[in-house]
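For reference, the structure discussed in these notes is given below.
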Amino acid sequence: MLKEPRRKDWNIYALREAARLKKWFIGVYYSPRLKRLLVAFKPTPGTHVNRLVFEELDESVLKDAYRMVCPEGCGRCCAAKSGAFMLDVEVSKLPPDLQLALEAQPKERVLTPGGVVTVYYLGTGPGGQCIFYDVRRRRCRLEAEYGREYKPIICLIHYCTVFAEKNGQKYIKTGYKITENGVLLFYRRVSDDEWKAAIRRMSSLAVRIAKGERRKRLTEKLTGSIGTQR
Ligand code: SF4
Ligand code: SF4
(Lines give C-alpha, C1' and ligand atoms only; values in the text may rest on other atoms or scores of the structure.)
(Ligands and ions follow the chains in the order given, each with its own letter.)
Protein backbone atom coordinates (compact mmCIF):
# COMPACT_ATOMS: atom_id res chain seq x y z
CA MET A 1 0.00 0.00 0.00
CA LEU A 2 1.08 3.54 -0.64
CA LYS A 3 1.78 5.27 2.65
CA GLU A 4 -0.49 8.16 3.61
CA PRO A 5 0.21 11.54 1.92
CA ARG A 6 2.37 14.16 3.63
CA ARG A 7 3.67 17.41 2.16
CA LYS A 8 3.70 18.28 -1.54
CA ASP A 9 7.32 17.38 -2.41
CA TRP A 10 7.00 14.05 -0.60
CA ASN A 11 3.68 13.28 -2.28
CA ILE A 12 5.13 13.94 -5.76
CA TYR A 13 8.06 11.67 -4.90
CA ALA A 14 5.66 8.95 -3.70
CA LEU A 15 3.50 9.32 -6.80
CA ARG A 16 6.53 8.97 -9.06
CA GLU A 17 7.47 5.75 -7.27
CA ALA A 18 3.86 4.55 -7.56
CA ALA A 19 3.82 5.42 -11.28
CA ARG A 20 6.60 2.88 -11.78
CA LEU A 21 4.35 0.16 -10.33
CA LYS A 22 1.22 1.13 -12.30
CA LYS A 23 0.75 -2.25 -13.91
CA TRP A 24 0.45 -3.84 -10.45
CA PHE A 25 -2.12 -1.33 -9.19
CA ILE A 26 -5.18 -3.26 -7.98
CA GLY A 27 -7.41 -0.48 -6.68
CA VAL A 28 -8.25 1.98 -3.94
CA TYR A 29 -10.12 0.58 -0.95
CA TYR A 30 -11.71 2.03 2.15
CA SER A 31 -11.01 -0.12 5.18
CA PRO A 32 -13.55 0.48 7.99
CA ARG A 33 -11.21 -1.51 10.25
CA LEU A 34 -8.22 0.77 9.65
CA LYS A 35 -10.41 3.85 9.04
CA ARG A 36 -8.38 4.86 6.00
CA LEU A 37 -8.17 4.65 2.26
CA LEU A 38 -5.71 2.10 0.94
CA VAL A 39 -4.01 2.55 -2.43
CA ALA A 40 -3.16 -1.06 -3.20
CA PHE A 41 -0.57 -2.64 -5.48
CA LYS A 42 0.26 -6.29 -5.87
CA PRO A 43 3.68 -6.55 -7.52
CA THR A 44 5.05 -9.90 -8.53
CA PRO A 45 7.67 -11.28 -6.11
CA GLY A 46 11.11 -9.84 -6.80
CA THR A 47 9.80 -6.45 -8.02
CA HIS A 48 11.72 -3.57 -6.46
CA VAL A 49 9.43 -1.67 -4.11
CA ASN A 50 10.53 1.57 -2.45
CA ARG A 51 9.86 0.95 1.26
CA LEU A 52 10.06 4.66 2.00
CA VAL A 53 6.76 5.27 0.25
CA PHE A 54 5.12 1.83 0.36
CA GLU A 55 4.12 -0.30 3.33
CA GLU A 56 3.28 -3.97 3.34
CA LEU A 57 -0.18 -4.90 4.64
CA ASP A 58 -1.76 -8.30 4.81
CA GLU A 59 -4.19 -8.85 1.96
CA SER A 60 -6.86 -9.87 4.51
CA VAL A 61 -7.41 -6.15 5.32
CA LEU A 62 -9.10 -5.86 1.93
CA LYS A 63 -11.68 -8.54 2.75
CA ASP A 64 -14.11 -6.22 4.55
CA ALA A 65 -13.02 -3.14 2.59
CA TYR A 66 -15.04 -1.19 0.03
CA ARG A 67 -13.41 -0.93 -3.39
CA MET A 68 -13.72 2.55 -4.86
CA VAL A 69 -15.38 2.79 -8.27
CA CYS A 70 -15.42 5.53 -10.90
CA PRO A 71 -18.42 4.60 -13.06
CA GLU A 72 -18.45 5.41 -16.75
CA GLY A 73 -20.48 8.48 -17.65
CA CYS A 74 -19.65 10.73 -14.68
CA GLY A 75 -16.51 12.53 -15.80
CA ARG A 76 -16.77 15.21 -13.13
CA CYS A 77 -13.05 15.03 -12.31
CA CYS A 78 -12.12 15.45 -15.99
CA ALA A 79 -14.79 17.78 -17.42
CA ALA A 80 -14.20 20.93 -15.38
CA LYS A 81 -11.70 22.42 -12.95
CA SER A 82 -9.54 19.34 -13.40
CA GLY A 83 -6.53 19.37 -11.14
CA ALA A 84 -5.03 16.39 -13.01
CA PHE A 85 -1.33 16.30 -13.76
CA MET A 86 1.26 14.01 -15.26
CA LEU A 87 4.74 13.32 -14.02
CA ASP A 88 7.84 13.36 -16.23
CA VAL A 89 8.25 9.57 -16.00
CA GLU A 90 4.72 9.18 -17.34
CA VAL A 91 5.07 11.76 -20.11
CA SER A 92 8.23 10.03 -21.38
CA LYS A 93 6.16 6.88 -22.07
CA LEU A 94 3.62 8.67 -24.29
CA PRO A 95 3.80 8.71 -28.11
CA PRO A 96 6.02 11.57 -29.44
CA ASP A 97 3.11 13.77 -30.64
CA LEU A 98 1.52 13.72 -27.17
CA GLN A 99 4.88 14.42 -25.52
CA LEU A 100 5.20 17.46 -27.78
CA ALA A 101 1.69 18.63 -26.90
CA LEU A 102 2.49 18.30 -23.20
CA GLU A 103 5.59 20.46 -23.56
CA ALA A 104 3.17 23.35 -24.31
CA GLN A 105 1.29 22.74 -21.02
CA PRO A 106 1.98 24.66 -17.79
CA LYS A 107 4.77 22.89 -15.93
CA GLU A 108 6.29 22.95 -12.49
CA ARG A 109 9.62 21.56 -11.35
CA VAL A 110 9.36 20.16 -7.84
CA LEU A 111 12.40 19.30 -5.76
CA THR A 112 11.58 15.99 -4.07
CA PRO A 113 13.61 13.66 -1.82
CA GLY A 114 14.33 11.67 -5.01
CA GLY A 115 15.48 14.64 -7.13
CA VAL A 116 13.68 17.13 -9.35
CA VAL A 117 10.37 15.96 -10.84
CA THR A 118 8.62 17.88 -13.62
CA VAL A 119 4.86 18.05 -13.19
CA TYR A 120 2.71 18.78 -16.28
CA TYR A 121 -0.74 20.26 -15.59
CA LEU A 122 -3.61 19.00 -17.73
CA GLY A 123 -6.66 21.07 -16.78
CA THR A 124 -6.23 23.84 -19.33
CA GLY A 125 -9.19 23.06 -21.60
CA PRO A 126 -12.45 25.10 -21.55
CA GLY A 127 -13.62 25.56 -17.97
CA GLY A 128 -10.53 23.79 -16.68
CA GLN A 129 -11.31 20.61 -18.65
CA CYS A 130 -8.51 18.07 -18.93
CA ILE A 131 -6.88 18.14 -22.37
CA PHE A 132 -7.33 14.37 -22.61
CA TYR A 133 -11.06 14.33 -21.86
CA ASP A 134 -13.31 13.18 -24.69
CA VAL A 135 -16.45 15.22 -23.97
CA ARG A 136 -18.67 13.46 -26.52
CA ARG A 137 -17.92 9.97 -25.27
CA ARG A 138 -17.35 11.09 -21.68
CA ARG A 139 -14.15 9.15 -21.30
CA CYS A 140 -10.41 9.54 -20.93
CA ARG A 141 -8.72 9.43 -24.34
CA LEU A 142 -5.46 8.17 -22.84
CA GLU A 143 -7.18 5.16 -21.33
CA ALA A 144 -9.42 4.52 -24.35
CA GLU A 145 -6.68 4.78 -26.98
CA TYR A 146 -3.57 3.55 -25.19
CA GLY A 147 -4.70 1.64 -22.10
CA ARG A 148 -5.00 2.14 -18.37
CA GLU A 149 -1.26 2.27 -17.76
CA TYR A 150 -1.02 5.48 -19.80
CA LYS A 151 -3.39 7.32 -17.48
CA PRO A 152 -1.62 9.55 -14.94
CA ILE A 153 -1.07 7.82 -11.61
CA ILE A 154 -2.99 10.60 -9.88
CA CYS A 155 -6.07 9.78 -12.01
CA LEU A 156 -5.73 6.08 -11.25
CA ILE A 157 -5.63 6.52 -7.50
CA HIS A 158 -7.91 9.54 -7.04
CA TYR A 159 -11.55 8.81 -6.22
CA CYS A 160 -14.41 10.95 -4.99
CA THR A 161 -15.31 7.93 -2.76
CA VAL A 162 -19.02 8.33 -3.60
CA PHE A 163 -19.25 5.02 -5.50
CA ALA A 164 -17.99 1.74 -4.10
CA GLU A 165 -18.49 -2.00 -4.33
CA LYS A 166 -18.13 -4.87 -1.92
CA ASN A 167 -18.77 -8.58 -2.49
CA GLY A 168 -20.26 -7.80 -5.91
CA GLN A 169 -22.78 -5.30 -4.45
CA LYS A 170 -23.01 -1.60 -5.25
CA TYR A 171 -22.73 1.02 -2.49
CA ILE A 172 -23.06 4.80 -2.34
CA LYS A 173 -21.50 7.00 0.32
CA THR A 174 -24.02 8.60 2.65
CA GLY A 175 -21.65 10.58 4.84
CA TYR A 176 -18.33 10.77 6.62
CA LYS A 177 -16.87 11.68 10.00
CA ILE A 178 -13.31 12.65 10.82
CA THR A 179 -12.18 11.11 14.10
CA GLU A 180 -8.90 11.14 16.03
CA ASN A 181 -8.14 7.65 14.74
CA GLY A 182 -8.97 8.20 11.11
CA VAL A 183 -11.86 8.84 8.76
CA LEU A 184 -15.19 7.08 8.95
CA LEU A 185 -16.95 6.70 5.60
CA PHE A 186 -20.54 5.50 5.65
CA TYR A 187 -21.98 3.51 2.74
CA ARG A 188 -25.45 2.27 1.85
CA ARG A 189 -26.13 -0.66 -0.44
CA VAL A 190 -28.08 0.50 -3.49
CA SER A 191 -30.02 -0.98 -6.40
CA ASP A 192 -28.86 -0.65 -10.02
CA ASP A 193 -31.45 2.10 -10.57
CA GLU A 194 -30.25 4.13 -7.57
CA TRP A 195 -26.67 3.69 -8.79
CA LYS A 196 -27.55 4.94 -12.30
CA ALA A 197 -29.51 7.88 -10.87
CA ALA A 198 -26.48 8.88 -8.76
CA ILE A 199 -24.23 8.78 -11.85
CA ARG A 200 -26.72 11.00 -13.70
CA ARG A 201 -26.71 13.48 -10.79
CA MET A 202 -22.90 13.57 -10.67
CA SER A 203 -22.65 13.94 -14.42
CA SER A 204 -25.16 16.82 -14.57
CA LEU A 205 -23.21 18.49 -11.79
CA ALA A 206 -20.09 18.15 -13.96
CA VAL A 207 -21.92 19.81 -16.87
CA ARG A 208 -23.11 22.65 -14.61
CA ILE A 209 -19.61 23.21 -13.21
CA ALA A 210 -18.14 23.19 -16.74
CA LYS A 211 -20.72 25.72 -17.98
CA GLY A 212 -20.15 27.96 -14.96
CA GLU A 213 -16.37 27.85 -15.46
CA ARG A 214 -16.67 28.65 -19.18
CA ARG A 215 -18.98 31.59 -18.39
CA LYS A 216 -16.56 32.85 -15.74
CA ARG A 217 -13.60 32.69 -18.11
CA LEU A 218 -15.55 34.44 -20.89
CA THR A 219 -16.58 37.21 -18.49
CA GLU A 220 -12.97 37.59 -17.32
CA LYS A 221 -11.82 37.78 -20.94
CA LEU A 222 -14.46 40.39 -21.88
CA THR A 223 -13.81 42.44 -18.76
CA GLY A 224 -10.10 42.30 -19.54
CA SER A 225 -10.57 43.47 -23.14
CA ILE A 226 -12.90 46.32 -22.06
CA GLY A 227 -10.30 47.33 -19.49
CA THR A 228 -7.60 47.37 -22.22
CA GLN A 229 -9.78 49.53 -24.49
CA ARG A 230 -10.23 52.17 -21.78
S1 SF4 B 1 -16.54 12.42 -9.32
FE2 SF4 B 1 -16.14 10.27 -8.74
S3 SF4 B 1 -17.25 9.06 -10.20
FE4 SF4 B 1 -17.07 11.11 -11.06
S5 SF4 B 1 -15.24 11.10 -12.33
FE6 SF4 B 1 -14.62 11.75 -10.29
S7 SF4 B 1 -14.00 9.89 -9.22
FE8 SF4 B 1 -15.17 9.28 -11.01
S1 SF4 C 1 -5.99 12.18 -17.88
FE2 SF4 C 1 -7.86 11.09 -18.31
S3 SF4 C 1 -8.64 10.45 -16.32
FE4 SF4 C 1 -7.12 12.03 -15.95
S5 SF4 C 1 -8.29 13.94 -15.81
FE6 SF4 C 1 -7.60 13.68 -17.93
S7 SF4 C 1 -9.31 12.69 -18.97
FE8 SF4 C 1 -9.60 12.41 -16.79
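Just the heavy atoms: all of them, side chains too, but no hydrogens, waters or symmetry mates, feed the values below. We count ligands from 1, going down the list as the structure has it; atoms in each ligand are counted the same way.
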Hits for salt bridge (charged side-chain N to carboxylate O under 4.0 Å, His left out) against Arg189, two or more places apart or cross-chain, chain-then-number order -> none
Considering only non-hydrogen protein atoms, determine which one is nearest to atom 3 (S) of ligand 1 and report residue, atom name and distance to 0.1 Å.
Pro71 CD, 3.5 Å
Within 45° of the six-membered ring axis of Trp195 and under 6.0 Å from that ring's centre, is NZ or CZ of Lys170 located there?
yes
Taking 2.8 Å as the limit, list every protein N, O or S atom around atom 4 (Fe) of ligand 2, by chain and residue number.
Cys155 SG
What protein heavy atom sits nearest atom 4 (Fe) of ligand 1, and how far away is it?
Cys74 SG, 2.3 Å
Do the side chains of Glu55 and Arg51 get close enough for a salt bridge, i.e. N-O under 4.0 angstrom?
no
Give me the residue, atom name and distance of the protein heavy atom closest to atom 8 (Fe) of ligand 1.
Cys70 SG, 2.4 Å
Under a plain distance cut-off of 3.5 Å, with no hydrogens placed, do Asp193 and Ser191 share a side-chain donor-acceptor pair?
no
Among Tyr29, Tyr187, Tyr159, which one satisfies ring pair (Phe, Tyr, Trp, His ring centres under 6.0 Å) with Tyr66?
Tyr187
Tell me which protein heavy atom sits closest to atom 2 (Fe) of ligand 1, plus the residue, atom name and distance to 0.1 Å.
Cys160 SG, 2.3 Å
Answer yes if the ring centres of Phe186 and Tyr176 are under 6.0 angstrom apart, and no otherwise.
no
Is it true that Glu149 and Lys23 make a salt bridge, defined as a side-chain N closer than 4.0 Å to a carboxylate O?
no
Using a strict cut-off of less than 4.0 Å between a Lys/Arg side-chain nitrogen and an Asp/Glu carboxylate oxygen, indicate whether Arg16 and Glu90 qualify as a salt bridge.
no
Phe163: numbered ligand 1 atoms lying under 4.0 Å from its heavy atoms
3 (S)
Under 4.0 Å to a heavy atom of Met202 - the qualifying atoms of ligand 1, by number
1 (S)
Under 3.5 Å, is there a donor-acceptor pair between the Tyr120 and Asp88 side chains?
no
